[in-house]
Amino acid sequence: MVWGQVPPARRSAGWDHRADAALAQVTTRKVIAEPEPPELTSTYQVILNTFNTHRDQAFRVRDLHELLGMPTDDPAMNVTRGRLGRLTRQGFLTQPGRGLYRRRT
């Protein structure tokens, strides 16, 4: 069967091929939404600004949260650990010790 053709079973059953074609157009049409504009002060930027302000200091996640006034519950700190790991892999931060993060000099 070629794309756009009505299958023989539907033709013989009296199926309205126009409705089938309209359904195919609706279900295969791609909707492209406008991307959301990035926040001007994202969490990543706030973290980097903190490390830029305190260049020679290494932070633990809890210390960073307390300094920034962020919640110190485990789920929130785990998210920040992930962010710090990403910033480390991207080369913005270093890890001088386990659980410590510092601005790359």
Side-chain angles (χ1 to χ4, degrees):
M1 182 171 85
V2 178
W3 175 256
Q5 286 184 343
V6 179
R10 289 195 178 168
R11 267 187 285 176
S12 63
W15 188 266
D16 184 9
H17 69 280
R18 290 173 292 181
D20 211 24
L23 180 63
Q25 278 185 341
V26 170
T27 57
T28 58
R29 191 176 300 156
K30 232 183 203 181
V31 177
I32 301 174
E34 290 289 322
E36 295 282 327
E39 293 180 22
L40 296 177
T41 55
S42 70
T43 307
Y44 284 100
Q45 191 60 49
V46 170
I47 291 171
L48 282 178
N49 287 343
T50 303
F51 279 102
N52 286 337
T53 305
H54 307 287
R55 274 197 179 275
D56 298 330
Q57 187 175 353
F59 288 101
R60 293 199 179 277
V61 176
R62 183 173 296 280
D63 299 335
L64 189 63
H65 271 244
E66 289 172 356
L67 180 68
L68 296 175
M70 297 168 73
T72 55
D73 58 321
D74 285 338
M77 291 196 313
N78 285 337
V79 170
T80 302
R81 277 188 193 93
R83 288 180 174 139
L84 293 173
R86 182 175 184 177
L87 290 170
T88 302
R89 288 189 302 275
Q90 290 176 342
F92 293 107
L93 303 177
T94 60
Q95 266 189 294
R98 182 178 171 157
L100 289 172
Y101 296 91
R102 189 171 142 187
R103 177 80 171 139
R104 184 175 293 256
T105 55

Exercise. Measure across A58 and P96 and return the closest heavy-atom pair with its distance rounded to 0.1 Å.
Key: CB-CG, 4.2 Å
Quiz prompt | Nearest heavy-atom neighbours spanning T53 and N49 | solution = OG1-O, 2.7 Å
Practice problem: Using modelled atom types only, decide if a donor and an acceptor are shared between the side chain of R102 and the backbone of T94 within a distance under 3.5 Å. | Solution: no
Practice problem: Answer yes or no: is there a donor N or O on one side and an acceptor on the other, between the side chain of R103 and the main chain of F92, under 3.5 Å? | Solution: yes
To the nearest 0.5 Å, tell me how far [X] [atom1] sits from [Y] [atom2].
{"X": "H65", "Y": "T72", "atom1": "NE2", "atom2": "OG1", "answer": "8.5 Å"}
{"X": "T80", "Y": "F59", "atom1": "OG1", "atom2": "CZ", "answer": "13.0 Å"}
{"X": "L48", "Y": "T43", "atom1": "CG", "atom2": "OG1", "answer": "11.0 Å"}

Practice problem: Please answer: with hydrophobic residues joined when any side-chain heavy atoms are less than 4.5 Å apart, are L87 and V79 in the same cluster? | Solution: no
Practice problem: Check the pair H54 / L67 against side-chain contact (heavy atoms from CB on, under 4.5 Å), numbers first and verdict last. | Solution: CA-CA 11 Å; H54 307 287; L67 180 68; 3.8 Å; yes
Self-check item: Residues in side-chain contact (heavy atoms from CB on, under 4.5 Å) contact with R60, at least two apart in sequence or another chain
Solution: D63, L100
Quiz item: Taking C-beta and beyond as the side chain, do L64 and F51 meet within less than 4.5 Å on heavy atoms?
Solution: yes
Quiz item: Would a 4.5 Å heavy-atom cut-off, applied to side chains only, mark M77 and D73 as touching?
Solution: no
Practice problem: May I ask you to check whether over 12 heavy atoms, not counting those of R86, lie within 6.0 Å of atom CZ? | Solution: no
Practice problem: Could you walk me through whether Y101 and I47 pass the side-chain contact (heavy atoms from CB on, under 4.5 Å) test, one step at a time? | Solution: CA-CA 11 Å; Y101 296 91; I47 291 171; over 6 Å; no
Practice problem: Report the C-alpha distance between R104 and L93 in whole Å, list the side-chain angles of each, state the deciding distance to 0.1 Å, and finish with yes or no for side-chain contact (heavy atoms from CB on, under 4.5 Å). | Solution: CA-CA 5 Å; R104 184 175 293 256; L93 303 177; over 6 Å; no
